[in-house]
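Below is one structure; the comments refer to it alone.
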Amino acid sequence: MDHKLWDDLAADYDKSVEDNQTPIITNYLNREIEILTSICSNIANHNKNFSIIDMGAGTGRVLFALDKNLKNNSIKFVGVEVSEPMLRRANQKNQTHYTSSNIEFLKHDLTESNLPEYFESIENAIVMCLYNTLGVIPSDKRQMFVDNMRRIAGDDGLTIITTFNGDDFAFVAPKMYHPMLPMIKQIDDNSFDEKNRIFQNNLGFRSQWFKQNESKSLLRTDVDPIPIDVTIDGEIHTFGNVFVDRKIK
């Protein structure tokens, strides 16, 4: 997906994600944050100072939530985003609502091969890519991006990826994307490609979904994911998964 499209989507991003009051979306996001908070709290108990880097931070949703939940002034939060409108919105939110001095937003293209060079001074990093952001990165640059995340995290850090549940694409995808219409603008008759697990529309929005084994392979891990479960009509469905590249002690 080109950067210009993300610029165009930025104005309605929060309406479709952070401020979306559809129960499926709110339950998904709340569970995702619960899992991330637990993982980061565990790391905080073993490290005095460390950084949390969100690759594809959008308007800052995850970093603001983690800063609030962790309540740890020794943690530095870094949001990486290529879209100027997204970055402006993230900084505006920090200035008017959150006012956190621990959060910084940087402009970088996630597909740059030299991305780790910008983070050489950071140690003990948790590097994350969330909400199926991995699925909008071009397929020929996906593995390089994940490997760069691991390089930035370093031997003592942790890499986290969350992806929508590609193993149940036919059920989950329509329930995720219909509430996000303010951002994606339209759903076409052929938007849900079940065979290839791709959502796309004629405006250029395109997102690949991954099966568990594919996400584990990209992350080069054998650790089973933590499911992001959502209850619908009394039944529990896995809508996404949180993957880590090593077991957490």
Problem - Stepwise salt bridge (Lys or Arg N to Asp or Glu O under 4.0 Å) check, Glu18 with Arg89 - result: CA-CA 13 Å; Glu18 185 173 4; Arg89 176 64 177 152; over 6 Å; no
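- The backbone N or O of Ile187 sits nowhere less than 3.5 Å from a side-chain atom of Ser191 that would complete a donor-acceptor pair.
- Distance CD/Glu34 to CG/Asn69: 9.0 Å, rounded to 0.5 Å.
- If you chain together hydrophobic residues whose side chains sit under 4.5 Å apart, Ile122 and Ile152 fall into the same group.
- For the pair Ile184 and Phe199, the tightest heavy-atom approach, listed with the atom from each and the gap, is CD1-CZ, 3.7 Å.
- Residues Gly56 and Leu110 come closest through the heavy atom pair N-CD1, 3.7 Å.
- One N or O on the side chain of Asn20 and one on the backbone of Ser16 form a donor-acceptor pair closer than 3.5 Å.
- Asn196 places no side-chain N or O within donor-acceptor distance of the main-chain N or O of Ile198, the cut-off being under 3.5 Å.
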Problem - Residues Asp245, Met149; criterion side-chain contact (heavy atoms from CB on, under 4.5 Å); working and verdict - result: CA-CA 10 Å; Asp245 68 338; Met149 288 178 64; over 6 Å; no
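- Between Asp233 atom CG and Glu235 atom CD the span is 7.5 Å, to the nearest 0.5 Å.
- For Arg220, the side-chain hydrogen bond (donor to acceptor under 3.5 Å, both in side chains) partners two or more places apart in sequence, or in a different chain, are Asp147.
- Residues Lys15 and Asp12 meet the side-chain proximity criterion, which asks for heavy atoms closer than 4.5 Å.
- With Asp188 contributing its side chain and Asn202 its backbone, the two residues share a donor-acceptor pair below 3.5 Å.
- At distances below 3.5 Å, not a single donor-acceptor pair connects side-chain atoms of Asn42 with backbone N or O atoms of Ser38.
- When all heavy atoms of Asn148 and Ser113 are compared, the pair lying nearest together is ND2-O, 3.5 Å.
- Taking CG of Asp67 as the start and NZ of Lys76 as the end, the distance is 13.5 Å to the nearest 0.5 Å.
- Between Asn124 and Ser51, every side-chain heavy-atom pair lies at or beyond the 4.5 Å cut-off.
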Practice task
Mind running side-chain contact (heavy atoms from CB on, under 4.5 Å) on Val62 and Met128 for me, showing each step along the way?
Solution key: CA-CA 10 Å; Val62 171; Met128 54 182 65; 4.1 Å; yes
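- Between the side chain of Arg31 and the main chain of Ile228, no donor-acceptor pair closer than 3.5 Å is present.
- Between Phe192 and His178, the ring planes are tilted. Angles from 30° to 60° get that label.
- When atom types are taken as modelled, the side chain of Thr221 and the backbone of Val223 share a donor-acceptor pair closer than 3.5 angstrom.
- Minimum interatomic distance between Leu63 and Ile103 (heavy atoms only, all atoms of both residues): O-CD1, 4.0 Å.
- With hydrogens and angles ignored, the 3.5 Å screen pairs no side-chain donor or acceptor of Arg206 with any backbone N or O of Gln200.
- Counting heavy atoms from C-beta on, the side chains of Thr231 and Asn27 never come closer than 4.5 Å.
- The environment of CD in Glu123 is sparse: at most 12 heavy-atom neighbours from other residues, nucleotides or ligands sit within 6.0 Å.
- In the hydrophobic clustering of ILVMFWY residues, with side-chain heavy atoms under 4.5 Å counting as a link, Leu181 and Ile24 come out together.
- Between Asp224 and Lys216 there is a salt bridge, since at least one side-chain N of the basic residue sits less than 4.0 Å from a carboxylate O of the acidic one.
- Cluster membership check: Ile33 shares its hydrophobic cluster with Ile52, using side-chain heavy-atom separations under 4.5 Å among Ile, Leu, Val, Met, Phe, Trp and Tyr.
- No side-chain heavy atom of Lys185 sits under 4.5 Å from any side-chain heavy atom of Phe205.
- In summary, the side chains of Glu32 and Asn30 do not present any donor paired with an acceptor at a separation below 3.5 Å, with no hydrogens or angles considered.
- No hydrogens or angles considered: nothing links the side chains of Asn132 and Thr163 as a donor-acceptor pair under 3.5 Å.
- Note: Phe210 CZ to Ile161 CD1 = 8.5 Å, rounded to the nearest 0.5 Å.
- Linking ILVMFWY residues whenever their side-chain heavy atoms come closer than 4.5 Å, directly or via other members, leaves Met144 and Val127 in distinct clusters.
- A heavy-atom distance below 4.5 Å is not found between the side chains of Ser74 and Phe50.
- Taken from CD1 in Ile248 to CD1 in Ile43, the straight-line distance is 5.0 Å, to the nearest 0.5 Å.
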Exercise for the section: Give the intermediate values and the outcome of side-chain contact (heavy atoms from CB on, under 4.5 Å) for residues Val80 and Ile53. Expected result: CA-CA 7 Å; Val80 182; Ile53 305 172; 3.9 Å; yes
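- Rounded to the nearest 0.5 Å, atoms CE (Met55) and CZ (Phe145) are 6.0 Å apart.
- Using a cutoff of 4.0 Å between basic side-chain nitrogens and carboxylate oxygens, Lys107 and Glu81 are not scored as salt-bridged.
- By the 6.0 Å contact criterion, CG on Asn114 is enclosed, its count of non-hydrogen atoms from other residues, nucleotides or ligands being greater than 12.
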Practice task
Evaluate the criterion side-chain contact (heavy atoms from CB on, under 4.5 Å) for residue pair Thr162 and Phe243; output intermediate values, then yes/no.
Solution key: CA-CA 6 Å; Thr162 72; Phe243 297 86; over 6 Å; no
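- Donor-acceptor pairing under 3.5 Å is recorded for the side chains of Glu112 and Tyr118.
- In terms of modelled atom types and a separation under 3.5 Å, the side chain of Gln212 and the main chain of Pro225 share no donor-acceptor contact.
- A 4.5 Å side-chain heavy-atom check between Asn241 and Ser215 finds every atom pair outside the cut-off.
- Between Val230 and His237 the shortest side-chain heavy-atom distance does not fall below 4.5 Å.
- Evaluation of the ring-ring contact (aromatic ring centres under 6.0 Å, His included) rule for Tyr28 yields Tyr131, Phe164 as partners, not counting sequence neighbours.
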Practice task
Given salt bridge (Lys or Arg N to Asp or Glu O under 4.0 Å), test Glu214 with Lys211 step by step and report yes or no.
Solution key: CA-CA 5 Å; Glu214 293 171 328; Lys211 293 185 176 182; over 6 Å; no
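- Nearest heavy atoms, Ala90 versus Gly58: CB-O, 4.1 Å.
- Residue Phe171 is grouped with residue Tyr177 when hydrophobic side chains (ILVMFWY) are merged at heavy-atom distances under 4.5 angstrom, including chains of intermediate members.
- Checked by atom type and distance alone, the side chain of Asp14 never pairs as donor or acceptor with a backbone atom of Val17 at under 3.5 Å.
- Between Phe239 and Asp229, every side-chain heavy-atom pair lies at or beyond the 4.5 Å cut-off.
- Between Pro179 and Thr22, the shortest heavy-atom contact is CB-OG1, 3.6 Å.
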